[in-house]
Structure formats: structure tokens, C-alpha cells
Amino acid sequence: MNILDRIKQLNITKVNVQRENRIFVDTEKDKLISVLYGMKLIGFNQLSIMSAVDRIKDNEFELFYVLYNYKEKVNAIVRTRIPRDNPVIETADKIYPPAHTYERELTEMFGISVSGNPDSGKPFILENWKDKPPMRKDFDSVEYVDKHFVFRNPEGKNE
Amino acid sequence: MEKMTEQQFRTIGNMLRKRSLWMLHYCTGCGSMELPAVGTSRYDMERFGVVPYITPRQADILLVTGYVNTKTLRRIVTVYEQMLDPKYVVGFGSCPINGGVYWDSYAVIKQLDRYIPVDLYIAGCMPRPEAIITGFMHLMELIDKGKATGYKRYKENLEYYKENQRKVLE
């Protein structure tokens, strides 16, 4: 049985092979952890990266987990969508330990809180951040810059 | 023998000081890539007495290479205050001058000289090794004439610098 058939046996919504060795796996929010566990059993041992995309038009966050299988040399991207208002996900650090740090970053940059991860919500990269999470699409970077920093006067006369 | 006046003493001090500059390079951005070329045999900044050094306590120049985050700024201020007088700050590349390509970034400060006094900027993105050496020569000239007085300005206008630092860091 090849790897695609084994993935299709898992409890998933859609499998999309975009090109060779790159498989997109779509799933629902509740089944995410069980799908990740199944992927690990198939042989996807490495979590390369995990992050989110702010789909502000759909009012949703898209989470993705990029996994790699060393034996078959296949990349798989597990994707799911969660609502944008009050987003909570479950931790995956029991399955993939590197997810622990990625989840901390996720909390800080997107405001997605992670249940089961004790470090989620602790300060990570930003220090003394009081504004909106900066990777959200409705965070206006230019407005923030105008409020907090002073640009140099192009004529060279500064204060 | 006639007694030396304070002015003469300072002149001789500056003349000797400019030929032995120890440099602490705070490599924050891509600017640090040019430093190996400047330091090694092709351009060889040691000809002019500029030597890379590893601790702030023994260094004369603080070289800030590249963009400065608000998070990095906290460390830069700490390092700057650890250094002993006389100390000089060189801003390197276009990012410390006006933000450079990070002009709209929420994390990068736009003018380094609002937070610590900068004696000399080397403009460019990136400055070539020749530009860096020219910059150091210019700094030596400033020291010789007694014009590189950033550390005095920091003491005199401490309120101003501290207030600006507080605005971004707290």
C-alpha cells in the first residue's frame, strides 16, 4: 500500500496532491489531533514548521502543520480552519515536541490560545507588547509606527 | 620643565587615542557580513589600529551594524552604559539612520541617535569595506580635533535620551 492510500484511511476531509511528494491534507478542527497522531504512525516523524494564516475575509484562521517522512521522502501539509473570534486550539506537543515552541509563537503573533500548553501566553519574542497581535491582518503596522516612532526630517533639521 | 596645561594634555591624549581604537561590534543585522572582509588581510583595518574586541569594558567604539529592534535596543543601551569613557558609537548602514527597508516595521526603531548619541554614521546598504575604512578614518579625525563628544552629550542630555528610551521600551 502506498503512502497516499494510507493517508486516505485516516479520518480526513480532503487529500490534494499538488505535485509529486507534496500532499495537502485538509481536516476539521476536532479531528486535528487524531489526524496528526495517525500521520506520525504512518511515518511522518518530523514537524518542520507549524504556523497560521489569517483568512480575514472568511473570518477564520488557517492552521498548517508541515510534516516530513524520511523513509518515503514525502512532505505532507495538514491544514485546518478555526473561527477567528475567540480562537482556541489543542496542543500537539505530546505528538510532536517542537510544536511546543511554535505554539508559544502562535499565541503571541496571532492571539490563538493553546489549551494544554502551559507556556502558551508567556512572553516569547515581543517584549512589553500592549497592542493587537502583530501578525493579524487587521493590525496596521504603519499606524503603529506613526504612533511610536519618529521619522527623521529629510532636510536634516531634527528638533 | 614647564608644566603641561590641561589643553595640551588633552591634545596629546586624543592624538594617541585615535591610533588605538578597539571596536565592539554589535552585529544585529546583515551589516556584520562586511566585517570579516574589513578585518582580514585584503582590507586589514588593523593597519589603522582598529581591532575587533569582545567585551564592552575594554572597547572604545560601539559599532551597531544593521537594524535595531526595540528588543535589541534594550541590550544596546545596557552595553553602551557598561563601556568606559571615552566611548564612540558608529551607526552602520542605512537602517540605524532612518529605518531603511524596515521603515514600516512595528519592531524596528527609526533613528538610533534618539536613544544613544551617535558620533558617526556610515551610510549605504551595505557600505563597502572601503567605505567602512573611510568612516573609521573620519572618526579618527573627529577624535583628533576633539569633536567626537557623544559620551559627554549622553551625560548632559540624559533626561532626553532616557525619556526616548522609555517611550519605546516600556
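In what follows, chains carry the letters A, B, and so on, assigned in the order in which the sequence lines appear, proteins first and then strands, with residues in each chain numbered from 1. Keep in mind that this is a model prediction, so the values were computed, not measured.
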Would one find more than 12 heavy atoms of other residues, nucleotides or ligands at under 6.0 Å from atom [atom1] of [X]?
| X | atom1 | value |
| --- | --- | --- |
| A:Glu143 | CD | no |
| B:Lys71 | NZ | yes |
| A:His100 | NE2 | yes |
| B:Glu130 | CD | yes |

Ring geometry between B:Tyr106 and A:Tyr144 (parallel below 30°, tilted from 30 to 60°, perpendicular above 60°): perpendicular
From OG (A:Ser141) to CH2 (B:Trp103), nearest 0.5 Å: 8.5 Å
Minimal non-hydrogen separation, B:Leu169 against A:Asn128, with atom names: O-ND2, 2.8 Å
Show which side-chain atoms of residues 10-19 of chain B pair as donor or acceptor with protein atoms under 3.5 Å away, not counting sequence neighbours.
from	atom 1	to	atom 2	distance (Å)
B:Arg10	NH2	B:Glu6	OE2	2.9
B:Thr11	OG1	B:Gln7	O	2.7
B:Asn14	OD1	B:Arg17	NH1	3.1

Residue part contacting chain B, namely of A:Lys147, when any heavy atom lies under 4.5 Å: neither
Close contacts, residues 36-57 of chain B versus chain A, judged by heavy atoms under 4.5 Å: none
Student check: side-chain heavy atoms of [X] and [Y] closer than 4.5 Å:
| X | Y | answer |
| --- | --- | --- |
| A:Val150 | B:Gln111 | yes |
| B:Val168 | A:Phe149 | yes |
| A:Glu127 | B:Arg74 | yes |

ILVMFWY network linking [X] to [Y], side-chain heavy atoms under 4.5 angstrom:
| X | Y | value |
| --- | --- | --- |
| A:Leu4 | A:Met39 | yes |
| B:Trp22 | B:Met83 | no |
| B:Ile76 | B:Val108 | no |
| A:Phe24 | A:Leu32 | yes |
| A:Ile89 | A:Ile49 | yes |

Steps toward side-chain contact (heavy atoms from CB on, under 4.5 Å) verdict (B:Ile97, A:Arg152): CA-CA 8 Å; B:Ile97 299 174; A:Arg152 190 178 296 278; 3.8 Å; yes
A:His148 and B:Thr70: CA distance, side-chain angles, deciding distance, side-chain contact (heavy atoms from CB on, under 4.5 Å) verdict: CA-CA 11 Å; A:His148 287 82; B:Thr70 51; over 6 Å; no
Region of B:Tyr115 in contact with chain A, defined by heavy-atom distances below 4.5 Å: side chain
